[in-house]
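Scroll down for the structure; my scribbles are underneath it.
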2 protein chains.
Amino acid sequence: MAQKDPVLALDNQICFALYALNRAVTARYRPLLAELELTYPQYLVMLVLWEQGAGAESARVSDVGARLRLDSGTLTPLLKRLEERGLLLRQRQADDERVVRLLPTEAGWQLQEKARQVPARLMCGLGVEPQRLMALQQELRSLLAVLEGSAPSD
Amino acid sequence: MAQKDPVLALDNQICFALYALNRAVTARYRPLLAELELTYPQYLVMLVLWEQGAGAESARVSDVGARLRLDSGTLTPLLKRLEERGLLLRQRQADDERVVRLLPTEAGWQLQEKARQVPARLMCGLGVEPQRLMALQQELRSLLAVLEGSAPSD
DNA sequence: CAAAATTAAATTGGGCACAATGTAAATCAC
DNA sequence: GTGATTTACATTGTGCCCAATTTAATTTTG
């Protein structure tokens with residue numbers, strides 16, 4: 001007893017494969033995002049803001065949080081750093097002071113131009129057939145939907 | 001220009017699917033590991049130590065780091081917390097004082113007993129066919145091997 | 001309308017990740 | 001065998017994550 005147990009073997013933990021690959025992929029993004037002076041979570045936030053489009057209704061903190069599954073404890077300081085860098089403005093909504101609207105600045109939009117090449121450069125660097133990645137992405141998204149659609153412990 | 005761009009759409013980023021699913025799965029572990037009073041990275045470290053077996057040569061900090069792809073900046077404080085909790089001993093190797101050996105204590109081995117049920121309980125809670133998870137894990141591991149076998153930007 | 005409940009962010013605190021640097025011990029090179 | 005490298009951890013500092021709490025504004029209820 002109290003010895004090796006295949007059930008507890010690291011290589012049998014689905015979680016570890018996910019954890020390790022996530023960090024390995026993030027590490028591949030790092031040098032590319034360093035050119036934009038963005039961290040990986042900051043890049044994701046900018047993607048959400050860019051996605052809203054310039055003309056559309058600006059995103060709220062909670063919109064970004066819902067999209068990225070992050071709460072204000074993570075987002076508030078991150079957004080303040082992006083604001084200090086001049087990439088966006090955080091402003092309280094006049095008719096509902098609880099809400100903070102996030103508006104990319106001109107510099108924020110200019111950064112989008114530089115960011116456009118990131119996905120392709122990443123894919124190249126990975127050295128994996130795009131089809132294979134697309135298939136994986138579909139599966140990951142599908143599983144995420146399953147997890148988000150069921151209670152944390154049915 | 002400077003508007004929506006399918007290349008930058010969040011839903012097209014393989015990275016985001018990986019990032020979001022990893023956090024969702026970790027969140028599923030959290031209540032189970034809370035019963036053991038372990039965080040998720042602490043759980044992974046204990047898995048490595050348990051895997052070594054009680055009779056075998058004890059693991060070094062760098063062994064755990066190599067297995068989990070974590071450096072001493074992450075591991076040292078984490079291991080100190082596990083030591084404070086009485087789950088392991090950190091002791092310098094006599095014939096090479098640079099090396100720190102990690103030895104699970106009796107409490108550390110007892111915790112393995114409680115941990116044995118974690119994987120099955122997690123799988124149940126996910127509500128996904130085990131075969132599907134096994135297939136995903138194979139793919140994740142295969143991709144991790146590819147990334148670790150190639151330069152960070154070929 | 002006033003009290004209670006809800007909502008949106010912010011704050012606080014603990015614990016990862018990771019880059020960069022520091023420190024001491026062991027090994028190598030001449 | 002001594003100086004230069006290398007190795008193994010530790011430390012420092014920045015930036016996530018997340019739980020729990022707080023604050024302030026809005027909405028709901030009686």
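Quantities reported herein were computed from a predicted structural model and do not represent experimental measurements. Chain letters run A, B, ... following the sequence lines, proteins first and then strands; every chain starts at 1.
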Pair Arg90(A), Glu83(A) - check salt bridge (charged side-chain N to carboxylate O under 4.0 Å, His left out), show working. CA-CA 7 Å; Arg90(A) 294 160 62 247; Glu83(A) 185 178 38; 3.1 Å; yes
Gap between atoms CG and C1', on Asn22(B) and dA17(C) respectively (whole Å): 12 Å
For atom CG of Leu70(A) and atom C1' of dA10(C), their distance in whole Å: 16 Å
If we only count heavy atoms from C-beta on, is the Tyr19(A) to Arg69(B) side-chain gap below 4.5 Å? no
Can you measure from CG (Leu102(A)) to OG (Ser62(A)) and round to the nearest 0.5 angstrom? 9.0 Å
In Å and rounded to the nearest 0.5 Å, what is the OG1 to CG distance from Thr26(B) to Leu18(A)? 7.0 Å
Atom pair distance, as rounded to whole Å: NZ in Lys80(A) and P in dA10(C): 6 Å
Any side-chain heavy atom of Gln93(B) within less than 4.5 Å of one from Val100(B)? no
Please give, in whole Å, the distance from dA8(C) P to Asp63(A) CG? 10 Å
Pair Asp11(B), Gln13(B): side-chain N/O donor-acceptor within cut-off below 3.5 Å: no
If each of Asp96(A) and Ala24(A) is mapped to the nucleotide of DNA chain C with the nearest heavy atom, which maps nearer the 5' terminus, i.e. the 5' end? Asp96(A)
What nucleic acid atoms does Arg69(A) come within less than 4.0 Å of, heavy atoms only: base, sugar-phosphate, or nothing? sugar-phosphate
Could you check whether Arg28(A) and Ser150(B), counting side-chain N and O atoms only, form a donor-acceptor pair closer than 3.5 Å? yes
Range on DNA chain D touched by chain A, heavy atoms, distance below 4.0 Å: dG15(D) to dT26(D)
In whole angstroms, the gap separating C1' of dC16(C) from CG of Leu79(B) amounts to 13 Å
Separation of Asp95(A) atom CG from dT7(C) atom C1', in whole Å? 14 Å
Interatomic distance, CE@Met46(B) vs CD@Glu51(B), rounded to 0.5 Å, equals 12.5 Å
May I ask you to check whether over 12 heavy atoms, not counting those of Gln131(B), lie within 6.0 Å of atom CD? no
Heavy-atom contacts, protein to nucleotides 19-24 of chain C, under 4.0 Å, summarised as B (base), S (sugar-phosphate only) or - (none) per nt, yield B-----
Working to the nearest 0.5 angstrom, can you tell me the gap between Arg23(B) CZ and Arg30(B) CZ? 9.5 Å
Kindly state which residues belonging to residues 32-47 of chain B come within less than 4.0 angstrom of DNA chain C, counting heavy atoms of the residue only, listed by number. Thr39(B), Pro41(B), Gln42(B)
Judged by nearest nucleotide, the residue sitting upstream toward the 5' end of DNA chain C, Tyr19(A) or Arg101(A), is Arg101(A)
Passes side-chain hydrogen bond (donor to acceptor under 3.5 Å, both in side chains), Arg132(B) versus Ser142(A)? Steps please. CA-CA 11 Å; Arg132(B) 189 175 168 192; Ser142(A) 167; 2.5 Å; yes
Is there a side-chain contact between Ser62(A) and the phosphate of dA9(C), meaning an N or O under 4.0 Å from OP1 or OP2? yes
Please give, in whole Å, the distance from dA17(C) P to Leu78(A) CG? 17 Å
Whole-Å distance between dT12(C) C1' and Leu75(A) CG? 17 Å
On DNA chain D, nearest-nucleotide positions of Pro77(B) versus Arg23(B): which is more 5'? Pro77(B)
Quick one: OH on Tyr43(B) to CG on Leu33(B), what's the gap to the nearest 0.5 Å? 6.5 Å
